[in-house]
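Worksheet: the structure to be examined is printed underneath.
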2 protein chains.
Amino acid sequence: MDNQNQALDFILQSALLWSGMVKKADQQLSVHGISFSEFGILHQLSLAPQQRLSRIELANAVGLSASGITRLLQPMEKIQLVEKEQNARDARVSLVKLTPTGQQIYLDALQTCNFFATQFVSPLTPRQQEMLVDLLQRL
Amino acid sequence: MDNQNQALDFILQSALLWSGMVKKADQQLSVHGISFSEFGILHQLSLAPQQRLSRIELANAVGLSASGITRLLQPMEKIQLVEKEQNARDARVSLVKLTPTGQQIYLDALQTCNFFATQFVSPLTPRQQEMLVDLLQRL
DNA sequence: ACAATTTACTTGCGCACTCAAGCATCAATC
DNA sequence: GATTGATGCTTGAGTGCGCAAGTAAATTGT
């Protein structure tokens with residue numbers, strides 16, 4: 001098994017893992033009424049200073065396009081998980097801010113997601129999990 | 001950083017990596033006229049005994065639903081990358097077989113994909129790449 | 001001061017996929 | 001050997017995105 005095949009295996013193996021992972025995550029998170037993508041948004045917002053980010057920052061943080069973010073946020077605003085806020089310095093950017101409701105839903109969903117994620121990586125020892133996260137972060 | 005957060009990081013980091021990876025792979029493979037999903041199909045078929053698989057086997061191998069496979073294969077049959085073949089023992093299954101054309105396109109695309117994959121994992125040493133593939137395969 | 005370019009979004013369109021329902025075939029039970 | 005249930009696949013409807021084009025605001029160049 002040479003290096004090239006190893007790299008190819010990595011890509012194809014990831015495809016397989018990922019498709020299953022998202023499906024299960026969405027399913028588990030559905031009890032909170034949110035999708036995995038929406039969880040990702042809540043997560044990034046909760047990490048952000050003052051829990052607010054521009055839409056572009058959000059898009060980069062979760063790996064979606066700007067238009068994807070626009071459409072994802074529409075229903076989230078409607079059910080008050082996040083709210084719009086405009087930037088005083090630059091009228092182009094419309095900031096997204098986590099509401100208290102959104103914060104609460106996030107904390108609930110975080111429990112579920114942590115449980116799921118922990119279960120997902122459970123075939124590995126903690127030492128191996130650490131190594132895996134470390135390796136991925138270098139890519 | 002406890003174990004739970006590590007697991008969560010793994011999931012979210014994967015989301016980010018994966019979204020970028022597929023986009024780049026699709027872009028590079030477009031010179032061969034195929035998508036990354038289609039490459040996955042050609043790859044699995046080329047590995048299979050007699051280069052033929054049922055649609056269900058294919059779906060499981062690449063992580064798509066049965067209906068996804070049906071729709072992906074339609075254009076691939078039209079341009080003769082694969083062909084239908086029926087199973088003598090069971091009239092329900094319709095096998096998918098790689099054509100010589102498909103084989104050729106696959107080999108060309110494999111070069112591209114190997115190059116891309118190799119580049120993608122290049123921030124890691126060969127030793128680390130090996131470890132990464134090994135860890136993923138246990139999940 | 002005013003055009004030209006760049007940036008932050010939004011919108012129209014379309015593709016890729018899923019889920020649920022349907023059809024055909026096989027297998028098991030009576 | 002008919003019925004019941006499981007399996008392989010296709011189809012209809014709907015969702016979740018991306019891409020390209022459009023708008024509005026900021027920045028840059030002159």
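Every chain is numbered from 1 and lettered A, B, ... according to where its sequence line falls, protein lines coming before strand lines.
Looking at residues 41-64 of chain B, you'll see B:Ser54, B:Arg55, B:Ile56 sit with a heavy atom under 4.0 Å from some atom of DNA chain D. Taken residue by residue, residues 68-84 of chain B places heavy atoms nearer than 4.0 Å to DNA chain C at B:Gly68, B:Arg71, B:Leu72.
A:Arg55 and A:Glu77 are joined by a salt bridge, as a carboxylate oxygen and a charged side-chain nitrogen come within less than 4.0 angstrom of each other.
Here chain A contacts DNA chain D (any atom closer than 4.0 Å to a heavy atom, that is under 4.0 Å), and the contacts span D:dC17 to D:dA26 from 5' to 3'.
Straight-line distance from the CD atom of A:Gln86 to the C1' atom of C:dA8: 13 Å, rounded to whole Å. Distance A:Glu85 CD to C:dC9 P: 13 Å, rounded to the nearest Å.
Within the 4.5 Å cutoff, the side chain of A:Leu110 has heavy atoms near those of the B:Leu8 side chain.
With sequence neighbours left out, the salt bridge (charged side-chain N to carboxylate O under 4.0 Å, His left out) criterion links A:Asp134 to A:Arg138. For the side-chain hydrogen bond (donor to acceptor under 3.5 Å, both in side chains) test, residues two or more places apart in sequence or in another chain that qualify with B:Gln103 are B:Gln51.
Defined by atom type and a distance below 3.5 Å, a donor-acceptor pair is missing between the side-chain atoms of B:Ser35 and B:Ser37.
Note on B:Phe36: it does not cluster hydrophobically with A:Leu16, by side-chain heavy-atom contacts below 4.5 Å among ILVMFWY residues.
Among the heavy atoms of the strands lying under 4.0 Å from A:Ala66 is at least one base atom, whether or not backbone atoms are also near. Here B:Ser67 lies in heavy-atom contact (under 4.0 Å) with a base.
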Name every donor-acceptor pair, under 3.5 Å, that has one atom in a side chain of residues 113-123 of chain B and the other anywhere in the protein, sequence neighbours excluded.
from     : atom 1 : to       : atom 2 : distance (Å)
B:Asn114 : ND2    : A:Gln4   : OE1    : 3.4
B:Thr118 : OG1    : B:Asn114 : O      : 2.6
B:Ser122 : OG     : B:Gln119 : O      : 2.6

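Exactly one of A:Leu132, A:Leu136, A:Val133 qualifies for a side-chain contact (heavy atoms from CB on, under 4.5 Å) with B:Asp9. That residue is A:Val133.
Using a distance-only test at 3.5 Å, with no hydrogens or angles considered, a donor-acceptor pair links the side chain of A:Gln129 to the main chain of A:Leu124. The closest donor-acceptor contact from the side chain of A:Ser65 to the backbone of A:Gly68 lies under 3.5 Å.
Comparing A:Arg92 and A:Ser37 by the nucleotide of DNA chain D that holds the closest heavy atom to each, the one mapping nearer the 5' end is A:Ser37.
Of all heavy-atom pairs spanning A:Ile69 and A:Ile41, the tightest one is CD1-CD1, 4.1 Å.
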